Chemist: 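So that we are looking at the same thing, I have put the structure below in structure tokens.
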Amino acid sequence: MATSTHAESGSPRRSAEWYAGSDRNAYIHRAWMRRGLPDNAFDGRPHIAIANSASDLTPCNAHLDEVMQSVKAGIFEAGGIPLNLPVVSLGETQVRPTAMLWRNMAAMATEEMIRANPIDGVVLLGGCDKTIPALLMAAASVDLPALVVPGGPMKTGTFQGVALGCGTDVWRLSEEVRAGTLSQEQFLKSESSMISSKGHCNTMGTASTMALVTEALGMSIPGLAGTSAVDSRLLESAHASGRLVVEMILAGRGPSSILTEASFHNAIVALAALGGSTNAVVHLLAIAGRLGIDLTLDDFDRIGSGVPLLVNLQPAGRFLVDDFQRAGGLLSVLREVRDLLDPSALTVTGRPLVEHLDSARVWDHDVIAARDQPLIPDAGIAVLRGNLAPGGAIIKPAAASPHLLTHRGRAVVFDTIEDMHARIDDPDLDVDESSVLVLRGCGPRGYPGMPEVANMPLPKKLLAQGVRDMVRVCDGRMSGTAYGTVVLHVTPEAAAGGALGIVETGDFIVLDVPNRRLVLDVPQEVLDRRTPNAATTAGYANPKRGWERLYVDHVMGADTGADLDFLQGSSGSKVSRESH
Ligand code: FES
């Protein structure tokens, strides 16, 4: 007969609510699960889900089944019962209209499956951009012991003797084709070199950023994030993660004891020192929202301000994640900025993050700069406000052109992404290098889903003149692998009544990053008379049914993480009713 406690701790297991006892319901729960499980599987030992986002349609995560096997071995070895739980997976380059539309759906579905099933803890396997954020949001709302095993970046591919940065070099090469400095034939030839192995993008894009920031939050084994998908140490760490989650369950160490204000502070410091993706802002805000932590956009500016950029990785820099790991990885970066970290923040190990930094060293200062010789002294993400973004907008100065950080230019407005594609290369488009390109209708509600389109391409005729950057303003996001003087996440978005919806071509826009200002330089009495025109509003999403309808009705602004309003906070792990 099943018992309700685990031999080591004597504490009742959540899974015992399903399996313990001799009544018909316990019989049913056990009997249907037996199929090869050992006879002692129901003696009170922890049952652990491996929330596995492996999918052939998420190519960056396709190898996670192999990682899952190592996690399973570690869990078994430590006395737990591992259970593979395939979860909604999102291939950044594959799903339309944008993977971000489905992040909250993946988070909601995973949350409910963690809560609904007889498990005591969960190991989260993610990689591609939205998968780790969705898994963390889910785990935070259930609050069972959880840790992340990131799938790791791919190895570096080369083309014509040069290392290719996955993602970043797609933008660079395609711009070279448009500028006429690379042939279409050579461009297509680079295609099979761009993705060189299993794993996610190997620049400091969103996937690498979120894996590293997750470790800085304390939610992965210290030293694991950034390990290549082809490195045998990934499987070693996956095995160790399996062992550790059992220990976490015995200790009752859940996300709410790790994800605190202190850990978000450390994540923001790490984000700045790494020069990480702007997408981390919206994901960290959403994760914090699940825990009731009052993290705001301004915290990114305040905490990140004065943090030096230490990591010379694409898209803003030169190297790739392979080089970053060789040079010492995240722990060596955090050791350089140790005095800026909150020493009270704990990790999945039960020990503070700072205690894991003692033996870290930087082995290559070309890749990871010393604290006293930073690449940029102040690398934080800047939060801009003004009549064009009263709720805030962000810019990553480290990825921008210094001469454009203070700029006043005439707006050239595009109502939709389709409008932009149709007109951007028109030889008659009235635009010059001082213009400010404005793209609206790309916020969470307007698109829907807030796609990565803010880094809009420059007009072909300006590229031909040698122009390589312009000020761009958008209510959407920017790919973490992109770069440029791009103001993004403008809030409120145009479709939610933001001033972006009434900007007219020819209006002057002022960008003043040092003073954190984004201003539509038009008299207020003129703005008061304006309303969005029919062409503008026609581009806003108005779905009739399904997830898109639910999303548009409930999604919040980018300034709070673009989660659904009813998903904020935690429901815990309790399920009050039996299934039969
Ligand atoms: Fe998956 Fe870049 S497309 S991480």
Side-chain angles (χ1 to χ4, degrees), residues 52-65 67 87-103 106 124-136 148-157 163-174 190-215 220 224-231 234 271 274-280 282-283 313-316 319-322 324-325 399 449-455 476-483:
N52 180 3
S53 58
S55 162
D56 287 345
L57 280 165
T58 306
C60 305
N61 293 17
H63 64 299
L64 290 179
D65 281 335
V67 177
V87 294
V88 175
S89 191
L90 302 170
E92 189 66 27
T93 53
Q94 308 307 104
V95 293
R96 291 178 173 174
T98 169
M100 186 63 177
L101 172 63
W102 313 110
R103 182 201 66 176
L124 311 168
L125 304 189
C128 198
D129 291 16
K130 305 299 175 293
T131 52
I132 288 179
L135 290 167
L136 277 174
V148 173
V149 179
M154 67 186 73
K155 78 178 180 65
T156 302
L164 282 181
C166 168
T168 300
D169 275 324
V170 178
W171 308 123
R172 182 179 62 78
L173 295 174
S174 63
S190 72
E191 190 175 305
S192 49
S193 307
M194 186 62 66
I195 307 299
S196 59
S197 76
K198 57 190 173 183
H200 61 66
C201 291
N202 59 357
T203 56
M204 190 56 78
T206 305
S208 299
T209 300
M210 287 312 302
L212 294 163
V213 161
T214 294
E215 183 173 312
S220 289
L224 164 56
T227 303
S228 165
V230 301
D231 191 323
L234 176 67
L271 179 64
L274 292 165
S277 163
T278 48
N279 284 325
V282 79
H283 295 321
L313 251 62
Q314 293 187 31
F319 295 99
L320 296 165
V321 183
D322 271 351
F324 176 68
Q325 288 303 97
M450 206 183 177
E452 295 182 332
V453 294
N455 53 308
R477 294 176 304 120
M478 174 170 82
S479 165
T481 58
Y483 52 91

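It should be emphasised that the depicted structure is a prediction, and the values quoted were computed from it without experimental measurement. Note that ligands are numbered from 1 as they come in the structure, with each ligand's atoms numbered from 1 the same way.
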Chemist: For atom 2 (Fe) of ligand 1, state how many protein N, O or S atoms fall inside a distance shorter than 2.8 Å.
Modeler: 1
Chemist: Whether the Ser89 and Thr58 side chains hold a donor-acceptor pair (N or O, under 3.5 Å, no angle test) is what I'd like checked.
Modeler: yes
Chemist: Donor-acceptor check, side chain of Asp129 to backbone of Glu92, threshold 3.5 angstrom: yes or no?
Modeler: no
Chemist: Using a 4.5 Å cut-off on heavy atoms from C-beta on, say whether the side chain of Val282 contacts that of Met100.
Modeler: yes
Chemist: How about Val230 and Met154: do any of their side-chain heavy atoms sit closer than 4.5 Å?
Modeler: no
Chemist: So do Gln325 and Asp231 actually touch side chain to side chain, heavy atoms under 4.5 Å?
Modeler: no
Chemist: Answer yes or no: does atom CD of Glu191 have more than 12 heavy-atom neighbours from other residues, nucleotides or ligands under 6.0 Å?
Modeler: no
